[in-house]
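Comments concern the structure below.
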Amino acid sequence: MPSAFVDDIREVKEDNPFESMMERFDHAAQLLNLDPDLYKVLRVPNREITIYIPVFMDDGHIEVFTGYRVQHNFARGPAKGGIRFAPNVTLDEIRALAAWMTWKCAVVNIPFGGAMGGVICDPSQMSQSELERMTRRYTAELIDFIGPERDVPAPDMNTSEQTMAWIMDTYSMHARHTVTAVVTGKPIDLSGSKGRREATGRGVMLVTNEAVQKHGLKYGETRVVIQGSGNVGSVAAQLMSEAGYQVVAVSDIHGGVYNENGLDIPDLQAYLAKNKSFEKYGKAEPISNMDLLELPCEVLIPAATENQITSHNADRIQCKILVEGANGPTTAAADEILERKNVFVIPDILANAGGVTCSYFEWVQDRMGYFWKEDMVNERLKDIMVDSFHEVVRYAERHNVNMRIASYILAIDRVANITRVRGIYA
Ligand code: GLU
């Protein structure tokens, strides 16, 4: 979209997540009347690091992987965000995800900036020891840039509690003492937080509950479709079926299953754990990941990856409420179509913020050396997610905009205010 602020010409490609992020950012900045100087500061990341990572493969030869860490903003506190391992990682994707972390932490008002990391690799083709060596070398290269007060990584796509344990250990070896707060999403035994593994999916459910109530729907009559069976989708499916929602379709990377009368989620999850795919699950209709998005339902939760709802299929989306469990599942071009169709969108930077909110709790607990019961973690998570949802609703009403733009306005306002008061060190 044209912007009075834009001082360079960007070629807008619908499937470039950075462009999708910038379009919303520009729109919100205009509505907010953001000071043009602050706009210049906030539209770019603070620092982008590219690392070439030589790794001894198991057969003795060396592969050199390319990795990134983009530190988008530090105004509100240490940078915070995940690390993903995937063959299709690009710098623009990592840039977008880093910026989204800044806005996400600001929407839920936790004292972090935003960052994101990624390594271009295919973890499905690598052994555990190859992954360990790659992770440790990546960490060693970043040693001066990460830390509890600097930048605190966490898991994302294809990285796990184990990945965080290797990062924590490598960092601690260099520091000559154990530094648990350098990463979050660690195993509980290594000073991780109770509830962290479930927190993103739980947060998705908590904001969905608020939206469902706002729309006057009852859980039992609310059909839910979930794309993705990773950490977000699988936990959301489990918790939402326990809460009484009718989960009618789920999927994993290979495809999904659909039953208009509701699925038996525990049975499906046991099946997936055993068979690694829903393909031969006989008790429901098979469905592709793309067709699943167009199913009749009240709540649609894309919880897999970016660019799933685009200008090509947004018109066929049938849900009333779209809850973005993934980061960037909807392109900026699709936003307008969804708005025309009156779909209530709970944007990623609000909907999936439960993960980083619990990461904040983990970081706090590590720094105190005092650990909370799971009930306390979940109660505090609920407070933050429910309050943030209503804060975004208030912004949407006040500025007469949709939930996505409202959440950007809220986030940019918070980051801009702090930047203004701190001043620019020059
Ligand atoms: N990767 C997750 C996200 O995108 C978690 C980040 C974190 O906990 O720092 O929100």
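Counting starts at 1 for both ligands and their atoms, in listed order.
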Test item, [X] contacting ligand 1 (heavy atom, 4.0 angstrom):
| X | answer |
| --- | --- |
| R84 | no |
| M101 | yes |
| G185 | no |
| A353 | no |

Just let me know how P153 lines up against ligand 1, side chain, backbone, both or neither, with a heavy-atom cut-off below 4.0 Å.
->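 No part of P153 is near ligand 1 at this cut-off.
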
At a non-hydrogen distance cut-off of under 4.0 Å, which region of N327 contacts ligand 1 (side chain, backbone, both, or neither)?
->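 Near ligand 1, N327 shows its side chain, while the N, CA, C and O stay back.
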
Classify the angle between the aromatic ring planes of H72 and W103 as parallel (below 30°), tilted (30 to 60°) or perpendicular (above 60°).
->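 Because their plane-to-plane angle is over 60°, the rings of H72 and W103 count as perpendicular.
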
Considering heavy atoms of the protein only, find what lies nearest to [atom] and give residue, atom and distance to 0.1 Å.
| atom | result |
| --- | --- |
| atom 8 (O) of ligand 1 | S359 OG, 2.6 Å |
| atom 3 (C) of ligand 1 | K104 NZ, 3.3 Å |
| atom 1 (N) of ligand 1 | D156 OD1, 2.8 Å |
| atom 9 (O) of ligand 1 | K80 NZ, 2.8 Å |
| atom 7 (C) of ligand 1 | A154 CB, 3.3 Å |

Determine, for [X] against [Y], whether the closest basic-nitrogen to carboxylate-oxygen distance falls under 4.0 angstrom.
| X | Y | answer |
| --- | --- | --- |
| D58 | R133 | yes |
| E379 | K382 | no |
| R202 | E374 | no |
| R95 | D92 | yes |
| E141 | R137 | yes |

Which is it for T184 and S359 under the side-chain hydrogen bond (donor to acceptor under 3.5 Å, both in side chains) test, yes or no, and what are the steps along the way?
-> CA-CA 5 Å; T184 59; S359 278; 2.8 Å; yes

Taking 4.0 angstrom as the limit and counting only heavy atoms of [X], give me the atoms of ligand 1 inside it, by number and element.
| X | answer |
| --- | --- |
| V356 | 7 (C), 8 (O), 9 (O) |
| G81 | 9 (O) |
| R196 | 5 (C), 8 (O) |

Where A237 and V250 come nearest, the two heavy atoms and their spacing =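 Where A237 meets V250 most closely, the heavy atoms are CB-CG1, 4.3 Å.
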
If you look only at pairs with a residue in residues 172-181, which of them pass as a side chain to side chain donor-acceptor pair (under 3.5 Å), with sequence neighbours excluded?
->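 Residue pairs with at least one partner in residues 172-181: there are none.
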
